[in-house]
Amino acid sequence: MNIFREFKDILGLESAAQPVRSLQEFFTLAGEIRAKLGSKVYLLDRYLSYLLGAATEVMCEEAATNGFSAGREVHMVCHDVPDGGHEQANHALHAAAKAYLDTHPLLFQEPITRSDILVVTMMDEYMRMSLARYTTCAGYKLMAVADMTHVEQLFEDISGIIGDVAPVERLNLLFRERFLAVPAMSAFEQGLTHDPLYCLNHCDPETSRQVFQLTLDHGYPIAAGGGDHA
């Protein structure tokens, strides 16, 4: 089955067919749990405060912006290497890009074509490096606002007091659906993919072929390294 039959499939409107979780549903369940906690109501308040604080630290806009910035980095490296430049020599990807180019010479007249193909072929390698770096940085930000060990303990305490884990699990799902509809990691990865998309669409004036076609025509392998995550 073709999953891209209409424009709405590109936009991701499939989820629109599902009922949108209302904020009222979240507050209704939270109120029910609070009522069962009695004098321990502060436990849920503290729990939700941690979750809300954490969610505001990993907003999609910032994650996507970080992804765009990371994408520009790989673009700069892959423009530098084919020209024999050393401006990006200290970048973690530079050595891998140079080694790839030594093994797979890109014999095109247009510099932009060579660099765009290099961006595409190095993207998996750089994606791993960038995701690891982003995860570390985001983790430090989250640790500043939420002690996840304490959050887990609050979850256990609340579930134990009300005698049922299901309502708290349900509350977590409603929180994720309503406040974390697009995970920060997905936003970062999409931002990072922005530059390679333009590279794949670029048309080489010498051959009148787009970069994705040239990559397929010549069978250029996608670099798959597990180097340092710097």
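One-based numbering along the sequence shown.
D116 pairs with exactly one of L106, V211, T215, L214 by the side chain to side chain contact (heavy atoms under 4.5 Å, CB included) rule, that one being V211.
Between the side chains of Y47 and N172, at least one donor-acceptor pair of N or O atoms lies under 3.5 Å.
Taking each heavy atom of A30 and L171 in turn, the nearest pair found is N-CD1, 3.9 Å. Counting all heavy atoms, side chain and backbone alike, S115 lies closest to C78 at CB-O, 3.1 Å.
Counting non-hydrogen atoms of other residues, nucleotides and ligands closer than 6.0 Å to CE of M143 gives a total above 12. Within a 6.0 Å radius of CG in N90, no more than 12 heavy atoms belonging to other residues, nucleotides or ligands are found.
In this structure, F155 has its ring center no closer than 6.0 Å to that of H150. Separation of the Y198 and H202 ring centroids does not fall under the 6.0 Å cut-off.
Between R34 and D45 there is a salt bridge, since at least one side-chain N of the basic residue sits less than 4.0 Å from a carboxylate O of the acidic one.
Remark: F212 pairs with L200, Q210, L216 by the side-chain contact (heavy atoms from CB on, under 4.5 Å) rule, at least two apart or across chains.
For residues 188-207, no pair satisfies salt bridge (Lys or Arg N to Asp or Glu O under 4.0 Å), with sequence neighbours left out.
Following chains of ILVMFWY side-chain contacts shorter than 4.5 Å, one cannot reach L93 starting from F68, and the two form parts of different hydrophobic clusters.
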Under the criterion salt bridge (charged side-chain N to carboxylate O under 4.0 Å, His left out), I'd like the reasoning laid out for D124 against R128: C-alpha separation, chi angles, the key distance, then a yes or no. CA-CA 6 Å; D124 279 2; R128 275 186 288 275; 5.3 Å; no
